[in-house]
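Reviewing the structure listed below.
Residues: numbered from 1 along the sequence shown. Counting starts at 1 for both ligands and their atoms, following the listed order.
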Amino acid sequence: MSDKLIIFDTTLRDGEQSPGASMTRDEKLRIARQLERLKVDVIEAGFAASSNGDFECVKAIAEAIKESTICSLARANDRDISRATDALKPARSARLHIFLATSALHMEKKLRMTPDQVFEQAKQSVRFARNLLDDIEFSPEDGYRSDPDFLCRVLESVIAEGATTINVPDTVGYAIPELYGNFIKNLRERIPNSDKAVWSVHCHNDLGMAVANSLAGVMIGGARQVECTINGLGERAGNCSLEEIVMAVKTRKDYFNLSLGIDTKHILATSRMVSQTTGFVVQPNKAVVGANAFAHASGIHQDGVLKARDTYEIMRAEDVGWSANKIVLGKLSGRNAFKQRLQELGVAMESEADVNSAFIKFKDLADRKSEIFDEDILALVSDESISHDNEQYSFVSLSQHSETGERPQASVVFTVLGKEVRGQSDGNGPVDASLKAIESHVKSGAEMVLYSVNAISGSTESQGEVTVRLQNSGRVVNGVGSDPDIVVASAKAYLSALNKLQSKADRVAAQG
Ligand code: KIV
Ligand code: ZN
């Protein structure tokens, strides 16, 4: 049995299925590049047959990424498989992921197929796919709630047809660690050709056990691939979280004794990127990547950590990308100190020009905020590598007046295709007035489905990070803006969301 644990990231496919988490092609490409830096083994880039937009995303990622295997999901039919294979053509290393439901409930109520029909379709689809690609993964959807006898029959036949990875999804997050681990163990023991495939786990988090179930699938079941997402993003309560799985296996190597290809120093930057892109804020007490994950508040703990870090720390913050350098940057910090901090935070800039423009933003922020924390820097550079060339709207300035007992007024100056315009409005509060001021000019008619403010580094001196989610004509987009002034951050976030609504980039619902 191999001792390498394969990390299969599905942030761009299953993660994107989270309501409101859909991403543009450029955003997906940027995250794929970050996943490559993180040294993820397999990136599930999308579901090519689900829409032209997703086809283009998978293709673009297959063209750009060289180090990770690129995978596309496909239903078990010739059209989906051909479409996925076409999108994957440019990939240096490509995988096809075929799925078909096998639980009695799904077969009868959703697919309206008999078990024999499902068996035939699974077998035929893998046979067809094997003529096009060598690396084939098969997933019996709702596998954990499927009849084990039937599952053995299906999986034995798809392995015989050439499936190289067998993934056992707990699609609805119903499993319990010990039971799930034994379920996989049992399948592997009963299926005569089980050793011809790598076994994989794919757990949803409905009962909060996705990580525990995945680890049980590995330790008890012998799985050697884990399917997961950054920040545990995914439908309903989400998927198994990549950062938690990876750090559990790394921190408890004494128990798991497995090797990983992941460069953990990039975990934090990846987490921030996914959170900013999707607008899904990471809770402060989230393991590994939450703002408090390495903060020691109580006096006893602080005292212990100062004497010996391992009194209360089981992982080193810098191993996941938090900077070990506690020198807080400020307006006297130079370009070199700033660049070094970027490196320590695992932030990769594509060019020196990107570093320069991030440094200008940093100086601007340092003029308004005396101490610049790691979180500020991560927010600042978050959209540095996205091209803003074709963007319609750009923030210039804002003034607003609010006084107790009076209705707030706002005036916002922004550019529309480079030309300056001014919108004015009143509103219930300064944020409402500012966004209405923009809308008075743009007249997008978009409905706001989410507005959230998050203090990036905790105090009132902190930058506010605002997420705005807009919906218009069936499209849902997220805009994020940050600034020490939360009204300005809100206006920036609103304009960013409007830019995405305007862009031709096709939005996709990953699983149709
Ligand atoms: O949860 C699930 O069953 C899936 C499959 C498509 C693998 O995401
Ligand atoms: Zn899933």
Side-chain angles (χ1 to χ4, degrees), residues 6-19 21-22 42-51 54 58 69 71-77 80-81 83-84 95-107 109-111 118 121-122 125-126 129 135-146 150-151 154-155 158 163-175 180 183-184 187 197-211 213-214 217 221 223 225-242 245 508-512:
I6 299 168
I7 298 296
F8 176 114
D9 180 278
T10 182
T11 307
L12 301 176
R13 198 280 298 171
D14 221 351
E16 203 209 22
Q17 282 173 223
S18 255
S22 66
V42 186
I43 298 174
E44 189 161 50
F47 181 0
S50 68
S51 71
D54 224 19
V58 175
T69 295
C71 173
S72 171
L73 188 69
R75 281 163 296 206
N77 64 59
D80 267 34
I81 292 170
R83 194 91 178 117
R95 173 179 298 186
L96 194 65
H97 180 185
I98 302 172
F99 75 101
L100 183 62
T102 49
S103 67
L105 188 64
H106 279 227
M107 289 190 292
K109 303 280 189 233
K110 186 181 84 171
L111 298 176
V118 167
Q121 188 167 329
S125 64
V126 175
D135 189 347
I136 311 288
E137 173 168 329
F138 181 82
S139 285
E141 192 192 4
D142 205 17
Y144 179 67
R145 292 195 301 171
S146 304
F150 178 60
L151 205 49
V154 172
L155 297 183
V158 295
T164 43
T165 300
I166 297 295
N167 180 45
V168 184
D170 177 22
T171 304
V172 291
Y174 184 66
Y180 182 67
F183 188 79
I184 294 177
L187 292 174
V198 172
W199 287 71
S200 166
V201 288
H202 178 114
C203 297
H204 282 265
N205 204 31
D206 298 66
L207 294 173
M209 288 188 278
V211 171
N213 287 335
S214 302
Q225 174 176 284
V226 175
E227 303 201 349
C228 46
T229 59
I230 301 294
N231 300 336
L233 190 70
E235 260 187 306
R236 308 184 306 277
N239 287 57
C240 169
S241 130
L242 179 145
I245 277 285
V508 286
Q511 202 171 324

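Distances between N or O atoms of H97 and those of ligand 1 include no value under 3.5 Å. Annotation: H204 places an N or O atom under 3.5 Å from an N or O atom of ligand 1; distance criterion only. At least one N or O atom of D14 sits closer than 3.5 Å to an N or O atom of ligand 1.
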Exercise. Could you give me the CA-CA distance, side-chain angles and deciding distance for C71 and F8, then say whether side chain to side chain contact (heavy atoms under 4.5 Å, CB included) is met?
Key: CA-CA 9 Å; C71 173; F8 176 114; 4.0 Å; yes
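Atoms of ligand 1 lying under 4.0 Å from at least one heavy atom of S139, given by number and element, are 7 (C). Listed by atom number, the atoms of ligand 1 under 4.0 Å from P169 heavy atoms are 2 (C), 3 (O). In the vicinity of E141, heavy-atom distances shorter than 4.0 Å reach the ligand 1 atoms 3 (O).
Heavy-atom separations between E227 and ligand 1 are all 4.0 Å or longer. Residue-ligand proximity: R13 is placed with a non-hydrogen atom under 4.0 Å from ligand 1.
The atom of H204 nearest to the Zn ion (ligand 2) is NE2, with the search restricted to N, O or S atoms.
Partner of Q225 under the side-chain contact (heavy atoms from CB on, under 4.5 Å) criterion, out of T165, V201, I7: T165 alone. Results of the side chain to side chain donor-acceptor pair (under 3.5 Å) test with N239 over T10, D9, D14 single out D14 as the only residue that passes.
Between E235 and H204, the shortest heavy-atom distance links the atoms O-ND1, 4.3 Å. Among all heavy-atom pairs drawn from A122 and V154, the shortest one is CB-CG1, 4.0 Å. Across every non-hydrogen atom of R236 and T171, the tightest pair is NH2-O, 2.9 Å.
Using a cut-off of 4.0 Å between Lys/Arg side-chain N and Asp/Glu carboxylate O, K110 and E141 are scored as salt-bridged.
Residue Y174 places its OH atom among 12 or fewer non-hydrogen atoms of other residues, nucleotides or ligands, all under 6.0 Å distant.
Not a single N, O or S atom of E227, from either the backbone or the side chain, sits less than 2.8 Å from the Zn ion (ligand 2).
Geometry at the Zn ion (ligand 2): NE2/H202 and OD2/D14 form an angle of 90°, nearest 10 degrees.
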